[in-house]
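Written below as structure tokens is the structure these notes are about.
Below, chain A is the first sequence line, B the second, and so on; all start at residue 1. Heavy atoms only: backbone and side chains are in, while hydrogens, waters and symmetry mates are out.
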Amino acid sequence: MKIAVEGCMHGDLDKVYETIKHIESQNDTKIDLLLCCGDFQAVRNERDMESLNVPLKYREMKSFWKYYSGQEIAPVPTIFIGGNHEASNYLWELFYGGYVAPNIYFLGFAGVIKFGNIRIGGLSGIYNARNYQTGHHERAPYNERSIRSVYHVREFDVHKLMQVEEPIDIFLSHDWPVGITDCGNWKQLVRYKPYFEKEIQEKTLGSKAAAQLLEKLRPSYWFSAHLHCKFSAVVQHGEGGPLTKFLALDKCLPRRKFLQVIEIESEPGPFEIQYDEEWLAITRKFNSIFPLTFKNANFGATQLEMEDCRQLVGSKLQERGTKPFEFTQTAPPFDPTQSNPHGSFSGCPRNPQTESLLQLLELPYLLDSTSESREGNCSPSAAQSIQRGSLLINSEEIPIDDVDELEELEEAGDMDTGNE
Amino acid sequence: MEDSEKRRERLELMRAIAAQAETSNNGETSDVQGLLANPLLESPANLAREESSATPRFDFYTDPSAAFSANRKRSATGNQVAREIKVTLGCLQLKGHSIECGQKPLCEGGQMNPEVTPSRAYQMQNNYSPANQMQSNYSPNQRMYRGRGPYHNTASYRSPRGFASPFPMNQGPPTEMWSGSDGPTSYYSSAPHIGLSSPYPIRQGNPGSGLVGSSPSPVSGYRGSPASSGRGQEHWHSNSGFGWSGGRGQGFRSRGFAPNETLGPDCFYDNSMVEDPWQHLEPVLWRGLDDLGNNLNGSGPSNSWLPKSISMKKPRVSESSTKSTSGQSLAEYLAASFNEAANNASSG
């Protein structure tokens with residue numbers, strides 16, 4: 001199976017698919033799958049733009065809407081995770097994963113699926129210690145704080161991934177596992193990105209959550225993006241232990257290394273995206289403690305036994321089949337011939353894919369439950385005493401300018417270093 | 001000779017009569033016709049009036065192509081009007097008015113004037129200067145609809161798997177369609193008809209979207225010269241053999257335009273994309289988060305991946321489990337404890 005891996009998409013689907021076609025043409029080959037490591041920017045229309053945390057100068061419709069509307073069809077099955085520049089309202093609809101457009105599948109905030117017999121896991125968002133132990137309290141329409149925190153990785157999702165026992169072939173995370181630079185040529189990296197050096201030496205460059213998952217899951221391949229450069233590493237898990245080949249890729253720009261084709265041994269096709277039984281069982285087990293406020297999940301409060309969940313999911317999938325539910329539009333696509341119907345915010349619709357999946361798993365729909373601790377809904381005094389886990393959080397401590405400083409540095413570095 | 005003298009007299013008479021008639025018809029005309037006006041004495045308005053009134057008569061006598069010349073001059077004096085039209089007509093470039101190339105690009109963030117008819121637009125496109133090409137083409141990264149045109153070839157596309165697409169492919173727009181003057185304008189054209197390969201609505205700005213920036217995406221839009229788009233189609237089609245439905249690829253882009261969209265897949269492709277990225281690397285032993293001095297809570301070494309809520313509760317769970325004697329569940333244990341307490345209370 002030939003898999004193309006892409007770094008940050010930033011909505012440039014046209015160009016990436018075009019490049020894939022070019023690769024196929026140049027090398028007389030066929031790509032079976034495209035994996036994207038975040039910042040996909042699944043912006044369906046102008047309203048989605050309001051949930052996208054990007055500087056104004058980067059606010060563009062780009063090309064996703066064409067695939068969403070059906071005007072274009074992704075020529076290669078595409079699987080992606082979220083990054084820190086996403087139409088977060090749309091991805092929230094598909095928290096458990098699903099098709100954002102025909103042939104384009106979102107892995108969910110955390111997820112594992114199968115493509116053929118290849119098992120692919122992923123964690124969306126970027127790590128931020130400040131929000132790691134909070135719940136998913138953000139709801140659209142986002143304010144200037146929540147639009148910057150909605151994509152921060154949560155312990156709940158990482159905890160679910162940590163339950164995975166069956167081997168993972170490929171894992172995707174937007175930001176790099178912290179410490180991964182030790183397993184590659186970091187000196188060469190800092191020649192291009194000198195501002196990484198300090199953080200590399202301080203062991204703070206990257207995601208702690210991702211590193212934890214790397215250590216636990218030990219996938220054969222791990223792909224990341226976020227830092228807009230190409231970097232490879234080979235991790236050995238213990239003496240004589242399994243290897244993880246790590247690769248980070250750039251964003252889609254001319255003469256940049258944003259794409260990589262790898263070949264993985266696999267059973268012959270047909271290659272199709274399929275639900276993963278173990279992951280659905282984990283999803284079922286932990287849904288009852290899904291933290292929907294500032295408060296973190298109470299991990300000890302899960303009632304269901306994994307074995308029971310597995311049994312139920314197994315029988316359900318046997319009955320229904322393993323193909324994910326089909327894509328459905330839940331918002332009007334951008335229409336370049338029409339002016340924007342800029343009405344008031346209409347809320348976050350229930351995505352039929354999510355509803356169907358939860359129904360399959362015999363779980364309640366929770367995504368539209370009102371967060372009791374939302375900043376906009378509670379008084380300042382109440383907001384200052386929102387309890388999360390064992391810690392008290394002062395919501396005012398969340399800085400308004402919670403930008404990704406590293407990324408800004410990186411942007412500056414792009415200009416400094418030119419093409420790599 | 002007599003004839004010639006008579007002719008001269010007759011002509012002078014005619015001139016006098018004509019001058020009289022003109023004077024009587026136009027009371028504002030200067031009495032000193034035929035003499036050069038003194039620009040220091042005459043106001044520009046008067047000069048203009050004088051020129052406009054004198055020109056036809058002078059041309060009548062001196063220029064065999066008076067009618068044409070007069071039209072040209074009228075046009076010259078009407079340049080301001082033409083420019084005004086140009087400003088409002090968006091992409092229109094009037095034939096012969098190369099001076100307008102130096103003006104502010106008319107498509108720049110603007111909208112195509114709804115009064116412009118498509119046929120008029122076609123004519124204007126034929127006169128594009130290179131500068132005009134840049135301001136014109138619809139977003140070059142737009143792919144052609146695949147359901148139309150002589151270049152259509154779906155064979156190279158893998159059909160989507162796992163579901164049946166509910167979206168029929170675009171069947172191609174009408175040959176020419178021009179939206180009404182209300183709201184955003186759109187313009188469809190047939191590639192074979194005018195050499196434009198994109199049937200896609202040409203976007204002139206993004207009315208009402210509130211978007212910022214001037215990307216060559218559909219939001220802003222460009223349109224290339226017919227020649228360049230035609231070449232692009234053919235080039236891409238023949239080179240790739242992938243059946244791209246034309247219009248997609250480097251040739252479709254305006255040359256030299258700054259954004260990335262002007263570049264073809266060659267510029268995005270790198271040989272390293274198909275090479276083994278790990279070939280020169282040796283495996284390095286993973287030292288783990290503990291060794292890195294990290295844990296997810298930000299302080300102290302992490303001995304377990306278990307979340308705090310589990311780590312803290314674990315002793316209590318184990319404590320309770322030690323009290324549990326026969327593999328009871330927690331609920332069963334609690335129920336038993338409750339019963340036991342109730343019994344004790346009742347017995348006490």
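- For Glu305(A), the salt bridge (Lys or Arg N to Asp or Glu O under 4.0 Å) criterion is met by no residue, not counting sequence neighbours.
- Contacts of Glu263(A) with chain B are absent, with no heavy-atom separation under 4.5 Å from either backbone or side chain.
- For Lys245(A), the salt bridge (Lys or Arg N to Asp or Glu O under 4.0 Å) test picks out no residue, with sequence neighbours left out.
- Heavy atoms closer than 4.5 Å to chain B are found in the side chain of Leu243(A), but not in its backbone.
- Annotation: maximal heavy-atom pairing with chain B below 4.5 Å, among Val234(A), Leu247(A), Leu214(A), occurs at Val234(A).
- Contact of the Gln71(A) side chain with the Trp65(A) side chain is registered, since non-hydrogen atoms from C-beta on lie closer than 4.5 Å.
- At a 4.5 Å heavy-atom cutoff, Leu249(A) makes no contact with chain B through either its backbone or its side chain.
- In this structure, chain B has a heavy atom under 4.5 Å from the backbone of Phe246(A), while its side chain stays farther away.
- Neither the backbone nor the side chain of Tyr105(A) comes within less than 4.5 Å of any heavy atom in chain B.
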ask   = Going through the distances and angles, do Phe299(A) and Glu155(A) end up as a side chain to side chain contact (heavy atoms under 4.5 Å, CB included)?
value = CA-CA 10 Å; Phe299(A) 295 99; Glu155(A) 186 177 28; 3.7 Å; yes
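- Using a 4.5 Å cut-off on side-chain heavy atoms (C-beta onward), Thr78(A) and Asn103(A) make no contact.
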